[in-house]
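Chain identifiers are assigned alphabetically (A, B, ...) following the order of the sequence lines, protein sequences preceding nucleic acid strands; residue numbering begins at 1 within each chain.
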Protein chains: 2
Amino acid sequence: MRFMTSLRFIDAVAREKSIRKAAEKLAITSTALNRRILQIEDEIGQPLFERLASGVRLNTAGELFVQHIRTQQADLARVQSQIADLSGIRRGHVRVASGAETLRHFLPDVIARYRSEHNAVTFDISRQHGEAAEAALASLETDLALIFEPIRRSDFQTIATTRQAVYCCMAETHELASFDTIRLHHLLDIPVILPTIHSGIRQLLNVGLMRRNMQLATMLETDSQEFTQNYLLNERVIGFQIPIGLPQNMANGQPENGLIARPIDSADVPQGKLHIGHLRGRVLPVAAAKFMDLMITELGERFPKDLDQ
Amino acid sequence: MRFMTSLRFIDAVAREKSIRKAAEKLAITSTALNRRILQIEDEIGQPLFERLASGVRLNTAGELFVQHIRTQQADLARVQSQIADLSGIRRGHVRVASGAETLRHFLPDVIARYRSEHNAVTFDISRQHGEAAEAALASLETDLALIFEPIRRSDFQTIATTRQAVYCCMAETHELASFDTIRLHHLLDIPVILPTIHSGIRQLLNVGLMRRNMQLATMLETDSQEFTQNYLLNERVIGFQIPIGLPQNMANGQPENGLIARPIDSADVPQGKLHIGHLRGRVLPVAAAKFMDLMITELGERFPKDLDQ
DNA sequence: GCAAGTGGTGCAAAAAACGCATCGCTATTA
DNA sequence: TAATAGCGATGCGTTTTTTGCACCACTTGC
């Protein structure tokens, strides 16, 4: 899109906060980039950047203008997507921001299912905790977000939610594997691996622990699910997960690969909601909108009783 | 705005339905314009226009793209307006579509009042009946519309209304000038000048006449208020107007320049509403938003009892 | 006080846009 | 049916714009 070039350049400079750095990324010389910016500023009638010794920074006018550029880019993408949709083949690009929970099973499954019908559509999946995902929606860096509790910003528009209880994961030989439901007091003195405070799971656990004035024997804190799952096989520790992050068999209580999952009683730790949504007021590109529909369908199939639309 | 050139050109071709005609308006050769369009179509990956022997016409993709261009232009205007507003001087351009009623006294007064404070703001005032004004809002050719009954489209967002009774205008020597309020049956066999069917006044009159199963002695039908006002001095005919279209003295029942106005009893002809509004969902440029505020203020001063917000 | 950054500028080369002349096509008109 | 007028598309030489190089003026950090 030739007519977008100058605008893309300004966006890049705003992100890099430096003309020379942006020029390098854009594979042109800093002088050409500099002059494009001066030209736009001249046309606007006011500077968009403050010049600092260490680079540049958007001024108020620049903030307004860059916001315009980003909404404009997003709208152009939507229009292109709709136009591509006219010609039969669904073409397009979908950007999803999500917490780690959905990355292992849910998103791969849904994307495979979607691409089996529309293989011209491409994806960007970025792993981000809730707050960052909401910011990415607002700056139009992503189209859709999956956020597991809590929703912070009012400009996040939830399209569907599904209730998810917190599960304990452990080796199938673990002493707690014999319970159908885990109570918090069962976990006293049992070493646990906790997700970091950015995770909704951790925040729900904290609510339950505060209520009971309890503390867990935290042996390790990590954002890595891969680490947690693998470590559980080596030691008699407990990890935490929500059903959507588990293989379907494990979510149903059966063991898999030596691991087993058991829900925590919802009287001890409240259930949370996984939100699927987008930026309020945005019209999504066709591909993104259809992909969201499919995610909701898939959620309905996996958790028929717990889906809210 | 150099980066908008290609987009403006496409918009122009879409409006003219001809590359050569658009080129003439844009003061370039048809060949240059033709190549810009081919280039954009190439970048989009699909044609935007159907080529006919008599010119070009937007195809479906083109409709989508041109709609994008227009919203983009409107949003850019808003951003420019906000940026200009940052530097203290309010600068900008306001486009108003209105029926004839407000053109004689109300709009000139309000614009003069506005420009006495913000003389860098410029205006486009286009006279259009309700339906066309709503279409102009939807295609982003105008920012604000003043429409006197009825509102047809659901994407028109009313911000304020004021009730307006239909008045009879006549020479002050006219036999009906002695009544404080005119009843429809007074008008039997008295020659009248009617506004055309596009006018809200005409439509309200029709409602009253239908109810009473009456017909007026229509001597002439015209959209021109200038004609009507001047003709009333020459013959014993009646014209129709709403208060906002009258000098304030006449609206208060006093004669002016040999003419006088008397309201029709609202039991005979229902009162109508003058709507001030814009396209639903649009964020107006600063100048337009402030101008709308001032119009509403002015309405409140002129018709303190009849304003709804 | 020097080195390593930054954004800005003069000038020549490269690239893009433009205007002219002309083609091929279609609908209208004689 | 043949001539004509109007349309968009294209080849080519010219003009305008954009780019890259070399360099300046300036600030920051050591």
Side-chain angles (χ1 to χ4, degrees), chain A residues 1-66 69 76 83, chain B residues 1-66 69 72-73 76 83:
Chain A
M1 292 290 111
R2 187 154 212 98
F3 60 89
M4 282 293 294
T5 310
S6 285
L7 302 185
R8 279 195 304 111
F9 284 7
I10 287 187
D11 188 25
V13 172
R15 289 185 199 280
E16 297 293 327
K17 303 184 196 305
S18 155
I19 293 181
R20 291 178 117 101
K21 289 208 186 75
E24 199 168 345
K25 280 210 174 184
L26 297 168
I28 55 169
T29 49
S30 69
T31 142
L33 180 54
N34 180 40
R35 265 190 282 241
R36 281 192 109 110
I37 287 163
L38 290 174
Q39 190 216 347
I40 298 277
E41 288 185 327
D42 188 55
E43 287 176 355
I44 297 274
Q46 287 191 37
L48 301 174
F49 292 96
E50 295 174 40
R51 270 68 173 177
L52 313 173
S54 57
V56 295
R57 187 174 59 191
L58 287 173
N59 61 21
T60 315
E63 296 278 4
L64 286 168
F65 194 66
V66 166
I69 290 176
L76 178 61
I83 288 178
Chain B
M1 291 290 111
R2 189 154 209 101
F3 59 89
M4 282 292 296
T5 310
S6 284
L7 302 185
R8 279 194 305 113
F9 284 7
I10 288 188
D11 188 24
V13 172
R15 289 185 199 279
E16 297 293 327
K17 302 182 197 307
S18 158
I19 293 181
R20 290 179 119 101
K21 288 208 187 76
E24 201 168 343
K25 280 211 173 186
L26 297 169
I28 55 169
T29 52
S30 67
T31 141
L33 180 53
N34 180 43
R35 266 191 282 243
R36 282 192 108 109
I37 287 163
L38 290 174
Q39 191 216 347
I40 298 277
E41 288 184 327
D42 189 55
E43 287 176 355
I44 297 276
Q46 287 192 37
L48 301 174
F49 293 94
E50 294 174 41
R51 271 68 172 176
L52 313 173
S54 56
V56 295
R57 188 174 58 190
L58 286 173
N59 61 20
T60 315
E63 297 276 4
L64 287 168
F65 194 66
V66 166
I69 291 176
Q72 203 275 351
Q73 285 173 327
L76 179 61
I83 288 178

- Task: Kindly indicate whether the side chain of B/Arg20 and the base of D/dG8 share any N or O donor-acceptor pair separated by less than 3.5 Å?
- Result: yes
- Task: Kindly point out which of C/dG7, D/dG8, D/dC21 is positioned nearest to the side chain of A/Val56?
- Result: C/dG7
- Task: Would you classify B/Ser54 as touching base, sugar-phosphate or nothing, given that sugar-phosphate means primed atoms plus P, OP1 and OP2, and contacts are heavy atoms under 4.0 Å?
- Result: sugar-phosphate
- Message: Is any side-chain heavy atom of A/Asn59 closer than 4.5 Å to one of A/Phe49?
- Response: no
- Query: Whole Å only: how far is the CG atom of A/Leu26 from the C1' atom of D/dG20?
  - Reply: 16 Å
- Task: Sorted by first residue and then second, give each side chain to side chain donor-acceptor pair (under 3.5 Å) pair with at least one member in residues 47-58 of chain A; sequence neighbours left out.
- Result: A/Glu41-A/Arg51, A/Glu50-A/Arg57
- Task: Indicate, yes or no, whether a donor-acceptor pair under 3.5 Å links the base of D/dG20 to the side chain of A/Arg35.
- Result: yes
- Item | Whole-Å gap separating P (D/dT17) and CZ (A/Arg36) | 14 Å
- Please state how far atom CG in B/Leu52 lies from atom C1' in C/dT28, giving the value in whole angstrom units. 16 Å
- Note on the structure: Among the nucleotides D/dT10, C/dG19, C/dA17, whichever has the atom closest to the side chain of B/Asn34 is D/dT10
- Query: Does B/Asn34 reach the main-chain N or O of B/Ile19 with its side chain, forming a donor-acceptor pair under 3.5 Å?
  - Reply: no
- Query: Of all the choices, C/dG10, D/dT27, C/dA17, which nucleotide is nearest to the side chain of A/Ala53 once you look at every atom?
  - Reply: D/dT27
- Query: Which one, D/dG20, C/dA16, C/dT9, comes nearest to the side chain of A/Thr29?
  - Reply: D/dG20
- Under 4.0 Å between a side-chain N/O of A/Lys21 and OP1 or OP2 of C/dG5, yes or no? no
- Query: So do A/Phe9 and A/Ile28 actually touch side chain to side chain, heavy atoms under 4.5 Å?
  - Reply: yes
- B/Thr31 side chain: which of D/dA22, D/dT18, C/dC20 is closest? C/dC20
- Query: Among C/dG10, C/dC18, D/dG8, which nucleotide sits nearest the side chain of B/Arg51?
  - Reply: D/dG8
- Message: Distance check needed: D/dT18 P versus B/Phe3 CZ, whole Å only.
- Response: 13 Å
- Remember a base hit wins even if backbone is also touched, and classify A/Lys17 as base, sugar-phosphate or nothing at under 4.0 Å, heavy atoms. nothing
- Task: Starting from P on D/dT18, measure out to CD1 on A/Ile40 and report it in whole angstrom.
- Result: 10 Å
- When the distance from CD of A/Gln39 to C1' of C/dT9 is rounded to whole Å, what number comes out? 16 Å
- Check the distance between C/dA17's P and B/Phe9's CZ and give it to me in whole angstrom. 11 Å
- note: A/Ile19, atom CD1; C/dG8, atom C1'; distance rounded to Å ~ 9 Å
- Just checking B/Ser18: base, sugar-phosphate only, or nothing, at a heavy-atom cut-off of under 4.0 Å? sugar-phosphate
- Query: Between B/Phe65 and B/Leu7, is any pair of side-chain heavy atoms under 4.5 Å apart?
  - Reply: yes
